[in-house]
Amino acid sequence: QRKQSIDLILQLYAAYVEKGIISSEDAVEVRADMLSRVLRAGRCGPSGDGLQITPQLQRFIWAFRNPWKAVRKYTRLARAETKKDAGSQTQKITPKSSGADPKTQSGISVVILSFERLQALAAGLQSLLLQDLGDIKLELLLVNNSPRVRLSKFPATRVGRLLRRFNDVKLINADFNWRTASRYAAATLARHETILFLDDDIVILDDSFLPEMYSAFQQLRPNDLLSCWNELWVDWTDEFLSSVSLDFTTPGITEIVPTDNCGPGICMFSKRIVQNHGVMDAVMRANPQYPKASDMGFSLIAAIEHGSRGYFFPSYKRLSFHRQWTKSPQHARPGRKEDVMAFRKAMLRDGYQPIMQRVKDATDDEASLVEWAASNLPVAKMAW
């Protein structure tokens with residue numbers, strides 16, 4: 001009887017996966033739960049002989065015999081639990097207003113582009129929920145580019161449970177992989193003027209990181225960009241480009257540094273930038289000459305169109321990549337590096353001036369930071 005019960009559990013699990021009732025990512029959590037129940041069923045009974053029908057096992061058997069009733073019951077319980085936790089967990093993210101005018105109240109619209117990295121996405125969402133934002137309002141715009149996966153607030157999934165804890169969520173499920181272009185379209189829908197692009201494989205480790213980045217961004221000019229994955233061009237000729245990288249694995253940087261490229265994977269900027277026709281035209285359609293460059297020239301285009309300046313925000317050991325970052329990464333596309341380099345060279349021809357050319361016009365503090373980075377960080381030399 002025990003063997004027959006366990007076989008039935010395994011067959012039902014396989015049937016759910018084969019029929020596509022649950023996604024491959026959700027199946028990992030379901031499988032772990034199923035295995036724990038199988039082990040408990042196999043150990044039950046004082047001597048292991050015979051199957052002891054415990055209250056837990058009765059509920060488990062009832063759930064398999066009445067799957068849709070179980071789903072409705074689970075949903076009601078999850079909603080009740082969410083309401084119960086709302087006072088302690090959600091209040092931290094969007095606290096009650098202190099009487100400030102909502103039109104002038106500060107806020108950040110976080111745009112996350114997701115593509116089948118649900119474990120990484122869940123870890124990133126969890127880190128957002130832990131941010132100590134104080135009076136800063138937070139809006140989440142989540143764009144799912146995979147037609148094989150559907151994201152929702154359904155509480156049976158980890159992502160769904162996390163999404164239910166945000167007070168302001170816009171969720172877009174696409175039927176086609178629009179790649180990075182979709183996050184710019186989503187940014188035009190943002191409620192707040194300050195936009196933060198955040199890749200679905202990045203986890204924030206410091207609960208004060210986001211408010212500190214937002215505070216630093218407020219000190220910049222309206223059209224400037226602030227990123228944590230930047231590049232400073234040190235030297236360039238008709239044959240090559242030499243640069244240094246500044247990112248959250250780079251130690252020794254404690255101040256905001258002017259740079260050239262600002263990686264859009266974690267980048268803060270004003271919504272007015274994506275309301276510019278020239279910028280949107282460049283990032284929303286694939287460039288026929290450099291189709292695999294994607295949106296890696298976003299900050300360079302903004303510099304030409306808006307006079308924007310790029311800055312690196314110190315983030316050493318405050319961010320990390322999730323282990324799923326290697327799953328379908330954009331940078332692994334064949335020919336991408338060649339297109340990115342060709343696009344950068346085209347930006348130089350179109351009038352972009354690297355910071356090393358403009359450093360003489362910068363303040364003494366900025367000039368010294370740029371010169372320190374150019375002199376002390378490892379230099380990479382790449383052919384155009």
Side-chain angles (χ1 to χ4, degrees), residues 111-117 143 145-146 174 176-187 197-202 225 227-247 249 259-267 269 273-274 276-306 308-310 312 321 325-357 378-384:
V111 180
I112 298 180
L113 184 59
S114 173
F115 188 82
E116 300 182 4
R117 297 191 283 199
V143 183
N145 257 350
S146 172
F176 178 78
N177 183 6
W178 296 103
R179 298 193 183 278
T180 55
S182 55
R183 62 181 165 198
Y184 294 89
F197 280 170
L198 187 64
D199 276 353
D200 65 345
D201 58 356
I202 291 179
L225 299 90
S227 177
C228 300
W229 196 270
N230 301 45
E231 195 175 59
L232 175 64
W233 296 0
V234 177
D235 189 19
W236 55 95
T237 68
D238 288 338
E239 289 77 34
F240 66 86
L241 168 69
S242 294
S243 63
V244 298
S245 178
L246 298 86
D247 54 56
T249 65
T259 60
D260 292 292
N261 283 0
C262 289
I266 174 165
C267 185
F269 58 92
I273 290 181
V274 292
N276 175 281
H277 174 74
V279 173
M280 289 299 285
D281 185 55
V283 297
M284 287 296 292
R285 64 181 179 85
N287 190 310
Q289 281 185 283
Y290 323 108
K292 295 176 182 176
S294 184
D295 63 339
M296 292 307 294
F298 169 56
S299 60
L300 306 181
I301 297 166
I304 293 175
E305 293 287 336
H306 284 288
S308 303
R309 297 175 184 172
F312 170 72
F321 280 122
W325 75 274
T326 57
K327 182 177 180 180
S328 303
Q330 287 274 4
H331 63 78
R333 297 172 64 199
R336 178 177 179 273
K337 179 181 176 181
E338 292 76 12
D339 274 11
V340 168
M341 295 304 295
F343 181 80
R344 291 175 180 175
K345 190 172 185 179
M347 290 292 98
L348 275 176
R349 290 196 302 265
D350 289 346
Y352 175 71
Q353 286 190 317
I355 186 65
M356 294 299 287
Q357 276 187 344
V379 177
K381 185 176 179 179
M382 297 167 286
W384 290 116

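These numbers come from a predicted model, not from an experiment.
- Annotation: ring pair (Phe, Tyr, Trp, His ring centres under 6.0 Å) contacts of Phe240 (sequence neighbours excluded): none.
- Qualifying ring pair (Phe, Tyr, Trp, His ring centres under 6.0 Å) partners for Phe312, counting only residues two or more places apart in sequence or in other chains: none.
- By the 4.5 Å heavy-atom criterion applied to side chains, Lys381 and Ser243 are not counted as neighbours.
- Atom OG of Ser308 is separated from atom CZ of Phe269 by 10.5 Å, given to the nearest 0.5 angstrom.
- When the ring pair (Phe, Tyr, Trp, His ring centres under 6.0 Å) test is applied to Trp236, no partner is found at least two apart in sequence or on another chain.
- Defined by atom type and a distance below 3.5 Å, a donor-acceptor pair is present between the side-chain atoms of Thr259 and Asn230.
- Of the inter-residue distances, the one linking Ile202 atom CD1 with Cys228 atom SG reads 8.0 Å to the nearest 0.5 angstrom.
- When the side chain to side chain donor-acceptor pair (under 3.5 Å) test is applied to Thr249, the partners found at least two apart in sequence or on another chain are Asp247.
- Listed by chain and number, the residues in a side chain to side chain donor-acceptor pair (under 3.5 Å) with Asn261 are Glu231 (sequence neighbours excluded).
- Residues Gly263 and Ser227 come closest through the heavy atom pair O-OG, 3.0 Å.
- Counting only heavy atoms from C-beta outward, the side chains of Leu348 and Pro354 approach each other to under 4.5 Å.
- Between the CD1 atom of Ile304 and the CE atom of Met347 there is a distance of 4.5 Å, given to the nearest 0.5 Å.
- Residues Pro264 and Phe197 approach most closely at O-CB, 3.1 Å, considering heavy atoms.
- Partners of Ser299 according to the side chain to side chain donor-acceptor pair (under 3.5 Å) rule, which considers only residues two or more places apart in sequence or in another chain, do not exist here.
- Note that OG1 of Thr180 is 9.5 Å distant from CG of Asn177, once rounded to the nearest 0.5 Å.
- With sequence neighbours left out, the side chain to side chain donor-acceptor pair (under 3.5 Å) criterion links Ser114 to no other residue.
- Applying the salt bridge (charged side-chain N to carboxylate O under 4.0 Å, His left out) test to Asp260 and every residue at least two apart in sequence or in another chain returns nothing.
- Listed by chain and number, the residues in a side chain to side chain contact (heavy atoms under 4.5 Å, CB included) with Ala303 are Tyr352 (sequence neighbours excluded).
- Taking Val234 as the reference, Val244, Ala374 meet the side chain to side chain contact (heavy atoms under 4.5 Å, CB included) condition, with sequence neighbours excluded.
- Under the side chain to side chain contact (heavy atoms under 4.5 Å, CB included) criterion, Ala174 pairs with Asn145, Trp178, not counting sequence neighbours.
- Among residues two or more places apart in sequence or in another chain, the ring pair (Phe, Tyr, Trp, His ring centres under 6.0 Å) test is passed with Trp384 by none.
- Inter-residue side-chain proximity for Asp199 and Leu113 is flagged as unmet; no heavy-atom pair is nearer than 4.5 Å.
- Looking at heavy atoms from C-beta onward, Trp233 lies out of side-chain contact with Ile355 at the 4.5 angstrom threshold.
- Distance CG/Leu198 to CD1/Ile112: 5.0 Å, rounded to 0.5 Å.
- In this structure, the side chains of Lys345 and Met341 stay at 4.5 Å or more apart for every pair of heavy atoms.
- Between Ile273 and Leu225, the closest side-chain pair of non-hydrogen atoms falls below 4.5 Å.
- With rounding to the nearest 0.5 Å, the separation of CG in Asn276 from CD in Glu305 is 4.5 Å.
- In this structure, His306 and Ile301 have side chains that are not in contact, with every pair of non-hydrogen atoms separated by 4.5 Å or more.
- Looking at heavy atoms from C-beta onward, Arg183 lies out of side-chain contact with Val143 at the 4.5 angstrom threshold.
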